[in-house]
Amino acid sequence: MPLPAHAAPPHLPQDWRAVGRELLLQPPELVAPALLGKLLARQAAAGWLAGRVVEVEAYLGPHITATPDPAAHSFRGITDRNRVMFGPAGHAYVYFIYGMHFCANVTCEPEGLAGCILLRALEPVLGTDAMAANRGLTPAANPAAIASGPGKLCRALGIDRASHNGLDLVAGDGELRLLEDAFQPGEIAVGRRIGIRHAADLPLRFWLSGNPCVSRA
DNA sequence: CTGTGGATTTGCT
DNA sequence: GCAAATCCACAGG
């Protein structure tokens, strides 16, 4: 029997492939711009939700002494919260902030090094109506309002720490995945990271130039 | 358009 | 105790 017209797509497009883990073994300032244009997807009860990554920030591990990054959660070493950052590349580091919001990161560099990439904004691609509903918006909402910020992104995809922290994003069989298709990013812009006090001058925020789904247009 | 306060976890001082 | 990798509602000009 036919699916109702409003049902979320049950499958991922066939040409979407898991991002290779070797890409993520590099330092975060190289991985971050390389993640622009990739896809973050989550399998929800009603089907897959996905968005294209349009804005990211790099956070440097404490082994980098030439340009210390006290804004990184890993700066003072391992804790219960940041443990996954020190683990293998390609896993999700999800944390709770300001008593209200979750933020999602991709770990990078070999095990023992704590580089990671904060995913700051997505352009909705799959299950857009369901993503809007997760944010309390109607299907008619501006797509640029759905996941244009790190907290919004997690809410739109239904990502939380209890369910998703530590999951492998590139094993190819998870509920939460980092994927790629044939999309070729255009111009990439670089600037200062948002919302931090220390090391605010480091050019570690990257976004797709002119994309309306970036958190500050 | 700008500014402010509230939601309430985590980890350092 | 307090500030933080945030967002939204609402007040005021």
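Reminder, nothing fancy here: chain letters follow the sequence lines and each chain counts from 1. Just so you know, these numbers use all the heavy atoms, side chains as well, and skip hydrogens, waters and symmetry mates.
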Query - Integer-rounded Å distance: C:dT6 P and A:Arg135 CZ - result: 15 Å

Requested in this report: For A:His73 and B:dG11, give me the distance from atom NE2 to atom P, rounded to whole Å.
Outcome: 9 Å

Query raised in the report: Starting at CG of A:Asn105 and ending at P of C:dA4, how long is that distance when rounded to a whole Å?
Result: 18 Å

Report task. Using atom CZ of A:Arg193 as one end and atom P of C:dA4 as the other, report the distance to the nearest whole Å. Result -> 14 Å

Query raised in the report: Is A:Arg197 touching bases, backbone alone, or none of the nucleic acid, heavy atoms closer than 4.0 Å?
Result: sugar-phosphate

Query raised in the report: Transitive ILVMFWY cluster of A:Leu30 at side-chain heavy atoms under 4.5 Å: who else is in it?
Result: none

Report task. Flag the pair A:Arg52 and A:Glu123 as a salt bridge only when some basic side-chain nitrogen lies within less than 4.0 angstrom of an acidic carboxylate oxygen. Result -> no

Report task. For A:Phe102, enumerate each residue passing the ring-ring contact (aromatic ring centres under 6.0 Å, His included) test, keeping only those at least two apart in sequence or located in another chain. Result -> A:Phe96

Query raised in the report: Can you tell me how far P of C:dT6 sits from CD1 of A:Ile146, to the nearest Å?
Result: 21 Å

Nucleotide N/O of nucleotides 4-10 of chain B paired with protein N/O under 3.5 Å:
| residue | atom | partner | partner atom | Å |
| --- | --- | --- | --- | --- |
| B:dT8 | O4' | A:Gly99 | O | 3.3 |

Query raised in the report: Which comes earlier along DNA chain C counting from the 5' end, the contact point of A:Lys152 or that of A:Ile194, where each point is its nearest nucleotide?
Result: A:Ile194

Query raised in the report: Which residues satisfy the side-chain contact (heavy atoms from CB on, under 4.5 Å) test with A:Ile97, sequence neighbours excluded?
Result: A:Tyr95, A:His101, A:Cys103

Report task. Determine the Euclidean distance between corresponding P atoms of C:dC2 and B:dG5; express it in Å to zero decimal places. Result -> 16 Å

Requested in this report: Could you tell me the separation between the CD atom of A:Glu29 and the P atom of C:dA5, rounded to a whole number of Å?
Outcome: 19 Å

Query raised in the report: Residues from residues 53-69 of chain A sitting under 4.0 Å of DNA chain B, heavy atoms only?
Result: none

Query raised in the report: In dot-bracket, 5' to 3', how would DNA chain B read with Watson-Crick or G-U wobble pairs under 3.5 Å, [ ] for crossing ones and | for pairs to another strand?
Result: |||||||.||||.

Under 3.5 Å, which donor-acceptor pairs link side chains of residues 134-143 of chain A to any protein atom two or more places apart or in another chain?
| residue | atom | partner | partner atom | Å |
| --- | --- | --- | --- | --- |
| A:Asn134 | ND2 | A:Ala156 | O | 2.7 |
| A:Arg135 | NH1 | A:Ala145 | O | 2.7 |
| A:Arg135 | NH1 | A:Ile146 | O | 3.3 |
| A:Thr138 | OG1 | A:Ala140 | N | 3.3 |
| A:Asn142 | OD1 | A:Ala144 | N | 2.9 |

Query - Interatomic distance, A:His198 NE2 vs C:dC2 P [rounded to whole Å] - result: 17 Å

Report summary line: Taken in chain and number order and not counting sequence neighbours, the residues that satisfy side-chain contact (heavy atoms from CB on, under 4.5 Å) with A:Ser148 are A:Lys152

Requested in this report: Applying side-chain contact (heavy atoms from CB on, under 4.5 Å), name anything that partners A:Leu167, two or more places apart in sequence or on another chain.
Outcome: A:His164, A:Leu176

Query raised in the report: When rounded to the nearest Å, what value does the distance between P atoms of B:dT13 and C:dA5 take?
Result: 14 Å

Query raised in the report: Do A:Ser74 and A:Tyr59 have side-chain heavy atoms sitting under 4.5 Å apart?
Result: no

Query raised in the report: Does A:Arg120 place a side-chain N or O at less than 4.0 Å from the phosphate oxygens OP1/OP2 of C:dT6?
Result: yes

Report task. Under 4.5 Å between side-chain heavy atoms, chaining through other members, with only Ile, Leu, Val, Met, Phe, Trp and Tyr counted: pull out the rest of the cluster around A:Leu204, sorted by chain and number. Result -> A:Leu60, A:Ile64, A:Leu202

Report task. Mind checking salt bridge (Lys or Arg N to Asp or Glu O under 4.0 Å) for A:Asp160 and listing every partner two or more places apart, or none if nothing turns up? Result -> none

Report summary line: For residues 184-203 of chain A, the side-chain hydrogen bond (donor to acceptor under 3.5 Å, both in side chains) pairs (sequence neighbours left out) are A:Asp69-A:Arg193

